[in-house]
> 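Once you've had a glance at the structure underneath, I'll fire off some questions.
All values below were derived from every heavy atom in this structure, side-chain atoms included, with hydrogens, water molecules and symmetry-related copies excluded. Ligands are counted one by one from 1 in listed order, and the atoms in each one are counted from 1 as well.
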Amino acid sequence: MEELNPFEIARKQLDDCAKILNLSDDVREILRNPMRELHVSIPVRMDDGSTKVFKGFRVQYNDAKGPMKGGIRFHPEETIDTVRALAAWMTWKCSLLDLPLGGGKGGVICNPKELSENELERLSRGYIDKIWQFIGPNKDVPAPDVYTTPQMMAWMMDEFSKLTGSNEFGCITGKPVCIGGSCGRDDATARGGIYTIREAAKELGIDLSKATVAIQGYGNAGCNAAFLCRDLFGSKVVAISDSKGGIYNKDGLDLELACRVKSDTRTVTNSPRDTTQKISNEELVELDVDILITAALENVITKENAPNVKAKIIAELANGPTTPEADEILYKNGVHVIPDFLCNAGGVTVSYFEMVQNIDRYCWDVEDVYKRLDDRMTQAYHTVLNASKTYNLNMRQAAYVVAVNRVVEAMQLRGWIKMN
Ligand code: GLU
């Protein structure tokens with residue numbers, strides 16, 4: 001059976017990289033383990049007067065390069081191993097983008113779709129009540145992720161500020177702009193990914209104005225990516241999907257309509273049938289398109305379906321969508337994978353810009369944010385591409401080599417490890 005536990009996968013990827021870099025066992029051991037984990041129980045007063053206890057986690061993986069950074073997921077299937085994997089990937093992500101940050105991740109086991117606005121507020125504040133001593137602008141800075149929003153970040157920042165007795169805007173990123181959020185943070189994950197797709201298309205000689213695109217996952221990242229592919233490149237988005245399934249139109253989908261349907265009924269699958277055909281998530285992954293964007297959850301491309309992928313580029317806007325065995329198959333078949341912690345690094349990059357603006361108490365305009373984001377993403381993409389060509393590695397291995405090497409150097413300079 002193929003390994004599908006995200007943390008085992010993250011460790012396997014790291015072990016491969018440790019071999020390539022010839023890291024000693026003790027250095028590898030440090031990198032294989034989170035430095036700190038918080039497991040908390042959060043009692044929340046529900047609207048009906050009862051009290052429900054939610055389980056939450058914050059994993060602080062490695063802070064050799066700076067305060068830990070990473071989002072908080074509110075998800076019914078959250079597990080500690082998923083959060084550990086995501087925290088490890090944040091460490092490599094921040095390093096790859098050369099941000100002065102380490103990696104962390106949070107999660108709360110809950111179904112936000114079943115909670116009222118007031119319950120969500122109490123849960124957001126309750127989570128901070130349990131972890132606030134361990135986070136802050138110089139320790140660990142959370143942000144939004146799957147099913148968490150700028151409004152939740154606002155409540156969390158407010159709770160942290162109350163507990164510390166000062167306005168700590170820099171303790172959390174992804175806040176609404178009017179209370180210290182950054183312009184351009186909303187679509188930053190998608191936009192950053194789009195810049196890497198642009199560079200990959202140049203490398204492969206694909207004309208994006210004639211390209212077809214399928215997007216698996218229609219949350220913040222997937223939905224923004226759809227519009228950006230159409231509006232910036234003129235590409236045709238032929239398929240999109242969410243957890244309930246997907247829709248397809250070979251001539252291109254009406255994205256505005258799909259968004260309205262999604263916000264009214266919570267799923268794109270209720271789109272009118274005259275212009276769309278139903279398609280399953282499994283079928284979408286195997287569509288004959290130029291670009292496949294995976295923007296949902298982990299383990300979407302496995303050894304079972306990897307041989308059937310026809311896309312020339314896979315852009316991993318989600319974290320962990322491809323298993324290691326699938327990776328090998330895709331590489332052999334010549335599919336150009338833009339690996340997750342490169343492709344989706346736009347979110348944390350603009351989060352970093354948000355931290356910088358909070359420290360300076362100054363706001364950059366949106367064009368400034370886009371330009372800086374483009375510079376960083378383009379540079380990171382080419383650093384990975386060059387490493388992949390120089391050392392004959394696939395794009396994920398190359399990204400690991402660059403990112404892990406920098407973390408090891410930081411640990412060495414700080415005196416945590418000695419290299420012979
Ligand atoms: N949750 C996003 C990620 O996985 C953003 C993290 C952040 O902004 O700190 O990269």
> Under 4.0 Å from any heavy atom of G70, which atoms of ligand 1 are there?
9 (O)
> Quick one: does N344 get an N or O within less than 3.5 Å of an N or O on ligand 1?
no
> At what distance is the nearest protein heavy atom to atom 8 (O) of ligand 1, and which residue and atom is it?
S351 OG, 2.5 Å
> Work out whether the distance between some heavy atom of P144 and some atom of ligand 1 is less than 4.0 Å.
yes
> Show which atoms of ligand 1 fall inside a sub-4.0 Å distance from at least one heavy-atom site of K105.
1 (N), 3 (C), 4 (O)
> Shortest non-hydrogen contact from N270 to T265?
ND2-OG1, 3.0 Å
> Aromatic rings Y400 and F341: how do their planes relate, parallel, tilted or perpendicular, breaks at 30° and 60°?
perpendicular
> Is it true that N344 and T189 share a donor-acceptor pair across their side chains at a distance under 3.5 Å?
no
> Which atoms form the tightest heavy-atom contact between A306 and N333, and what is the distance?
O-ND2, 4.4 Å
> Under 4.0 Å from a heavy atom of K93: give me the atoms of ligand 1 that qualify, with their elements.
3 (C), 4 (O), 10 (O)
> Going by the order shown, which atoms of ligand 1 are within less than 4.0 Å of some heavy atom of K69?
7 (C), 8 (O), 9 (O)
> State, to 0.1 Å, how close R406 and L97 come at their nearest heavy-atom pair, and which atoms those are.
NH1-N, 4.4 Å
> Going by the atom numbers of ligand 1, which of them fall below 4.0 Å from some non-hydrogen atom of A143?
7 (C), 8 (O), 9 (O)
> Show me which atoms of ligand 1 lie under 4.0 Å from any heavy atom of N319.
4 (O)
> Closest heavy-atom contact between A225 and I293?
CB-CD1, 4.2 Å
> Quick one: which of M90, M153, R185 has a heavy atom closest to atom 5 (C) of ligand 1?
R185
> Does this structure show an ion pair linking D15 with R32, if we count only N-O contacts that are shorter than 4.0 Å?
yes
> Tell me the protein heavy atom at minimum distance from atom 1 (N) of ligand 1, and give that distance in Å.
D145 OD2, 2.6 Å
> Specify side chain, backbone, both or neither for P142, according to which of its non-hydrogen atoms lie closer than 4.0 Å to ligand 1.
neither
> Between M68 and ligand 1, find which residue part has any heavy-atom pair under 4.0 Å and reply side chain, backbone, both or neither.
neither
> Minimum heavy-atom separation for Y127 to G106, with atom names?
OH-CA, 3.4 Å
> Between E283 (side chain) and S280 (backbone), is there a donor-acceptor pair under 3.5 Å?
yes
